[in-house]
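Here's the structure, in structure tokens; my notes come after.
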Amino acid sequence: TSELIDSMVMPGIQGGPLMHVIAAKAVAFGEALKPNFKEYAKTIIENSKIMAEELIKLDYNLISGGTDTHLNLIDLSNKNISGKKAESALGFGGITVNKNMVPFDDKSPFVTSGIRFGTPAITTRGLGEEDMLKIVDFIDHVIKNHESIDEILEVKKMVNELMDGRPLFYY
């Protein structure tokens, strides 16, 4: 049985020593060692919780009633839009989410009833509480107007204005 366990680790989940993976882990561990990382991680979760609370106020069904992590998972069944359509409309509007199945989902994994999104990338770009409120408004506006290209393009313009001067990467 030890051979079975060993083979699950190598090559199972470990795989080969790929240099880009090793480099990525080194960068991630380096970031985690920085003194401000704990505060950064705390801000990610605070931003996520703010978004969850605001979405609930707008009658969005968050799985588990909110979040304690960087992720929000929303069941869109009461919004008359599939996860796939929401992902597409929001993406067109400059907001990245993923379609996601929800508990007891009656739609296929290719369509889904839900979406999920996280806050690490926007927190890294320097967004805070006031920005989370704007983003929730953007999301809600696109969901409510997902069949209107003009409305979605208007949101995209506002998203671009919000993100102007907030680069994806900086050193």
Side-chain angles (χ1 to χ4, degrees), residues 13 24 28 31-32 36-170:
I13 60 171
E31 289 292 317
N36 64 347
F37 181 78
K38 188 174 184 178
E39 194 60 37
Y40 165 68
K42 190 173 160 183
T43 304
I44 289 171
I45 293 171
E46 287 171 0
N47 282 343
S48 187
K49 286 184 176 197
I50 290 165
M51 291 183 80
E53 290 166 6
E54 291 303 308
L55 286 160
I56 289 168
K57 288 178 189 175
L58 294 171
D59 196 34
Y60 284 88
N61 180 17
L62 271 72
I63 302 304
S64 76
T67 188
D68 291 325
T69 70
H70 65 292
L71 285 175
N72 283 291
L73 176 58
I74 304 170
D75 182 346
L76 295 170
S77 297
N78 68 333
K79 299 295 181 179
N80 298 317
I81 185 173
S82 70
K84 183 177 181 175
K85 284 183 182 175
E87 176 186 57
S88 178
L90 287 162
F92 196 67
I95 301 169
T96 303
V97 303
N98 296 104
K99 66 182 181 292
N100 206 98
M101 292 191 75
V102 296
F104 311 106
D105 205 329
D106 60 356
K107 293 182 173 47
S108 81
F110 302 105
V111 176
T112 79
S113 294
I115 56 171
R116 70 177 160 84
F117 59 88
T119 54
I122 55 178
T123 303
T124 298
R125 293 178 78 173
L127 278 70
E129 181 174 352
E130 292 300 315
D131 303 307
M132 298 306 113
L133 302 177
K134 290 177 187 176
I135 293 169
V136 167
D137 284 341
F138 296 161
I139 291 169
D140 185 51
H141 194 79
V142 170
I143 296 294
K144 286 179 178 174
N145 299 284
H146 65 274
E147 293 184 3
S148 170
I149 299 297
D150 292 337
E151 293 291 331
I152 294 171
L153 288 176
E154 188 61 34
V155 168
K156 184 173 187 165
K157 180 180 170 189
M158 291 185 286
V159 167
N160 288 336
E161 288 171 4
L162 178 64
M163 302 315 289
D164 189 41
R166 295 174 169 175
L168 283 169
F169 302 101
Y170 53 92

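Residue numbers count from 1 along this sequence. Quick caveat: nothing in here was measured; it's all calculated off a predicted structure.
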With sequence neighbours excluded, give me every salt bridge (Lys or Arg N to Asp or Glu O under 4.0 Å) pair touching residues 110-122. none

Rounded distance (nearest 0.5 Å) linking atom [atom1] of [X] with atom [atom2] of [Y]:
{"X": "Ile143", "Y": "Ile152", "atom1": "CD1", "atom2": "CD1", "result": "9.0 Å"}
{"X": "Thr67", "Y": "Ile63", "atom1": "OG1", "atom2": "CD1", "result": "11.5 Å"}
{"X": "Leu76", "Y": "Ser82", "atom1": "CG", "atom2": "OG", "result": "8.0 Å"}
{"X": "Ile139", "Y": "Leu58", "atom1": "CD1", "atom2": "CG", "result": "10.0 Å"}

Can a side-chain donor-acceptor contact be found between Asp105 and Ser113 if the only test is distance below 3.5 angstrom? yes

Tyr60-Asp140 side chain donor-acceptor pair, cut-off 3.5 Å: yes

I'd like to check the side-chain hydrogen bond (donor to acceptor under 3.5 Å, both in side chains) partners of Lys38; sequence neighbours left out, ordered by chain and number. none

Scan Ile135, Leu73, Ile74 and name whichever one has a side-chain contact (heavy atoms from CB on, under 4.5 Å) with Phe117. Ile74

Heavy-atom closest contact (Leu62 atom, Ala52 atom, distance): CD2-CB, 3.3 Å

Smallest heavy-atom separation, Pro167 atom then Arg125 atom, equals O-CG, 3.5 Å

Checking Asn78 side chain against Asp59 main chain: does a donor-acceptor pair fall under 3.5 Å? yes

Listed once per pair and sorted, the side-chain hydrogen bond (donor to acceptor under 3.5 Å, both in side chains) pairs that draw on residues 151-161, sequence neighbours left out: His141-Glu151

Side chains of residues 43-51: which donor-acceptor pairs under 3.5 Å do they make with residues two or more places apart or in other chains?
| residue | atom | partner | partner atom | Å |
| --- | --- | --- | --- | --- |
| Thr43 | OG1 | Glu39 | O | 2.9 |
| Asn47 | ND2 | Thr123 | OG1 | 2.9 |
| Asn47 | ND2 | Leu127 | O | 3.1 |
| Ser48 | OG | Thr69 | O | 2.9 |
| Ser48 | OG | Asn72 | ND2 | 3.1 |

Are Asp131 and Arg166 side-chain neighbours, meaning at least one heavy-atom pair lies under 4.5 Å? yes

Could you go step by step and tell me if Met132 and Glu54 meet the side chain to side chain contact (heavy atoms under 4.5 Å, CB included) rule? CA-CA 9 Å; Met132 298 306 113; Glu54 291 303 308; over 6 Å; no

Using distance only, find each side-chain donor-acceptor pair of residues 83-96 under 3.5 Å and give its atom names and separation, not counting sequence neighbours.
| residue | atom | partner | partner atom | Å |
| --- | --- | --- | --- | --- |
| Glu87 | OE2 | Lys99 | N | 3.3 |

Partners meeting salt bridge (charged side-chain N to carboxylate O under 4.0 Å, His left out) with Asp75 (sequence neighbours left out): none

